[in-house]
Trainee: 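I'd like to ask you about the structure that follows.
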Amino acid sequence: MTQPSVEVFTRADGSPIRILAVDDEPSLTELLSMAFRYEGWRVFTANSGLAAVRLAKETKPDAIVLDIMMPDFDGLEVMRRIRDDQPDVPVVFLTARDAVADRVSGLTAGGDDYVTKPFSLEELVARIRALLRRAGALRAANESVLRVGDLSLDEDSHEVYRGADEIQLTATEYELLRFMMRNPKRVLSKAQILDRVWNYDFGGQANIVELYISYLRKKIDSGREPMIHTLRGAGYVLRPAKGT
């Protein structure tokens, strides 16, 4: 799975980067969605060309990851229709490893980059970030500092503050908090947290998540308005405290 990048970027207005991932394999779009959300991006997925064109018009994505082989019409036609509405949106094509003609056609038709299946999520994320940077769609979010309300986390120094108070965290607590701060206001399931923070399935020992959430609460929320909330049956969410 993709590892968190040092830089954190947003759109020019401070809102999350929007990515449209298009592939006719739901398992692949789900994998892409999880990887992109870990970057703090807002992700939209489509499993057909028609759905992709509709979503692009509704969401105005900052970049599109697009499979060339689609069930209704191919990725080149999808790009053409989307570019009628958004002429400058960067497009990264997904192609089969041996489909040289597809890659040439995609780039000739105006695609910005391509990756071959199977591909590295880390490489794909890096390519998207490079395209967004070139397109001028990115704004560095105060160097390496993540902020949610009055909570801040410096990814370079590993310093964490709630207001003016410095908070000391263990390595695992830090990774858990960083994951939650990269996904503010988003409900994160125990399975997602296990996969991203511990990088493997504990085989039914999801109570380890509950344990570390309780550790974080004692350090982050104790004596303050809570930021970490439990949604029973769904997972956990980090929200700014009211008034911050």
Side-chain angles (χ1 to χ4, degrees), residues 1-10 14-17 30-43 120-122 125-126 129 139-244:
M1 304 301 291
T2 187
Q3 296 300 312
S5 303
V6 173
E7 297 172 295
V8 179
F9 287 103
T10 65
S15 62
I17 291 294
E30 177 60 25
L31 180 66
L32 293 173
S33 181
M34 290 178 65
F36 297 157
R37 283 173 180 163
Y38 194 35
E39 294 296 315
W41 299 342
R42 188 176 181 188
V43 187
S120 157
L121 287 172
E122 289 86 351
V125 167
R129 293 170 73 87
R139 177 179 68 86
N142 192 22
E143 299 176 346
S144 62
V145 180
L146 301 178
R147 298 186 189 278
V148 178
D150 63 347
L151 183 64
S152 66
L153 180 151
D154 190 317
E155 293 187 301
D156 287 343
S157 68
H158 285 209
E159 292 176 328
V160 177
Y161 284 86
R162 177 85 190 261
D165 299 326
E166 185 171 7
I167 298 169
Q168 301 295 327
L169 300 177
T170 67
T172 302
E173 291 166 353
Y174 171 84
E175 289 299 331
L176 174 56
L177 181 62
R178 177 162 67 169
F179 180 41
M180 299 184 78
M181 290 185 72
R182 281 179 171 268
N183 295 274
K185 300 182 182 179
R186 183 181 300 280
V187 178
L188 303 171
S189 69
K190 290 180 181 178
Q192 286 176 308
I193 294 173
L194 279 172
D195 182 54
R196 295 301 185 172
V197 178
W198 281 269
N199 294 317
Y200 63 92
D201 186 355
F202 267 70
Q205 298 183 37
N207 60 332
I208 193 71
V209 176
E210 297 175 14
L211 182 63
Y212 273 86
I213 287 288
S214 71
Y215 292 160
L216 271 189
R217 279 185 168 135
K218 289 176 183 177
K219 296 183 177 183
I220 301 297
D221 289 342
S222 181
R224 308 177 179 92
E225 184 175 345
M227 294 182 65
I228 301 172
H229 304 272
T230 301
L231 277 69
R232 192 170 300 278
Y236 304 95
V237 61
L238 180 75
R239 298 193 187 103
K242 294 178 181 179
T244 62

Trainee: Minimum heavy-atom separation for M227 and D150, please, with both atom names.
Mentor: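 Scanning both residues completely, I find the closest heavy atoms to be SD-OD1, 3.9 Å.
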Trainee: Can you name the closest pair of heavy atoms from D165 and R224 and give their distance?
Mentor: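 The answer is OD2-NH2, 3.1 Å.
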Trainee: Over all heavy atoms of both residues, which pair between R217 and T230 is shortest? Give the atoms and the distance, please.
Mentor: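 Heavy atoms only, the tightest pair is NH2-OG1, 2.6 Å.
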Trainee: Taking the side chain as everything from C-beta on, heavy atoms only, tell me whether I193 gets closer than 4.5 Å to F179.
Mentor: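 Yes, their side chains come closer than 4.5 Å.
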Trainee: Once ring pair (Phe, Tyr, Trp, His ring centres under 6.0 Å) is applied, do any residues pair with Y212, and if so which ones, sequence neighbours excluded?
Mentor: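 Scan of Y212 (ring pair (Phe, Tyr, Trp, His ring centres under 6.0 Å), adjacent residues dropped) gives W198, Y215.
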Trainee: Between L151 and L153, is any pair of side-chain heavy atoms under 4.5 Å apart?
Mentor: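 A side-chain contact under 4.5 Å is absent here.
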Trainee: Would a 4.5 Å heavy-atom cut-off, applied to side chains only, mark V160 and E166 as touching?
Mentor: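 The answer is no; the side chains never approach within 4.5 Å.
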Trainee: Enter the distance from M180:CE to L188:CG here, rounded to the nearest 0.5 Å.
Mentor: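 Answer for the CE-CG pair, M180 versus L188, is 6.0 Å.
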Trainee: Taking the six-membered ring for Trp, is the centroid-to-centroid distance between H158 and Y174 below 6.0 Å?
Mentor: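 Ring centres of Y174 and H158 closer than 6.0 Å.
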Trainee: Is a side-chain N or O of K219 found less than 3.5 angstrom from the main chain of Q168, in a donor-acceptor match?
Mentor: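 Confirmed, K219 side chain pairs with Q168 backbone.
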Trainee: Can you confirm whether R42 sits close enough to I17 that some side-chain heavy atom of one is under 4.5 Å from a side-chain heavy atom of the other?
Mentor: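 R42 vs I17: side chains apart.
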Trainee: Using atom types as modelled and distance alone, determine if a side-chain donor or acceptor of N183 lies under 3.5 Å from a backbone N or O of R186.
Mentor: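 No, because the side chain of N183 does not come within donor-acceptor range (under 3.5 Å) of the backbone of R186.
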Trainee: On a heavy-atom basis, which atom in Y236 and which in V209 lie closest, and how many Å separate them?
Mentor: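 So the minimum-distance heavy-atom pair works out to CE1-CG1, 3.8 Å.
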Trainee: Could you pull out the closest heavy-atom pair between V125 and E39, with the gap in Å?
Mentor: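 Scanning both residues, the minimum pair turns out to be CG1-CD, 3.7 Å.
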Trainee: Please determine whether a side-chain nitrogen of the Lys or Arg among E155 and R182 lies less than 4.0 Å from a carboxylate oxygen of the Asp or Glu.
Mentor: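 Result for this pair is yes, salt bridge flagged.
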Trainee: Report yes if some heavy atom in the side chain of V145 is under 4.5 Å from a heavy atom in the side chain of D156; otherwise report no.
Mentor: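 They are not in contact (no side-chain heavy atoms under 4.5 Å apart), so the answer is no.
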Trainee: Regarding R162 and S222, do their side chains bring together a donor and an acceptor under 3.5 Å, going by distance alone?
Mentor: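 Their side chains do not contain a donor-acceptor pair, so the 3.5 Å distance test is not met.
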Trainee: When you compare the side chain of W41 with that of P16, does any pair of heavy atoms fall below 4.5 Å?
Mentor: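 Result no, sub-4.5 Å side-chain heavy-atom pair not found.
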Trainee: Do L216 and L176 have side chains that get closer than 4.5 Å, going by heavy atoms?
Mentor: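 Sidechains of L176 and L216: in contact.
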Trainee: Measure the spacing between CD1 of I220 and CG of L169 and express it to the nearest 0.5 Å.
Mentor: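 If we round to the nearest 0.5 Å, I220:CD1 and L169:CG are 5.5 Å apart.
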Trainee: Do E173 and L177 come within less than 4.5 Å of each other through their side chains, counting heavy atoms only?
Mentor: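 With C-beta onward as the side chain, the pair stays apart.
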Trainee: Could you check E210 against S214 for side chain to side chain contact (heavy atoms under 4.5 Å, CB included), going step by step and ending with a plain yes or no?
Mentor: CA-CA 6 Å; E210 297 175 14; S214 71; over 6 Å; no
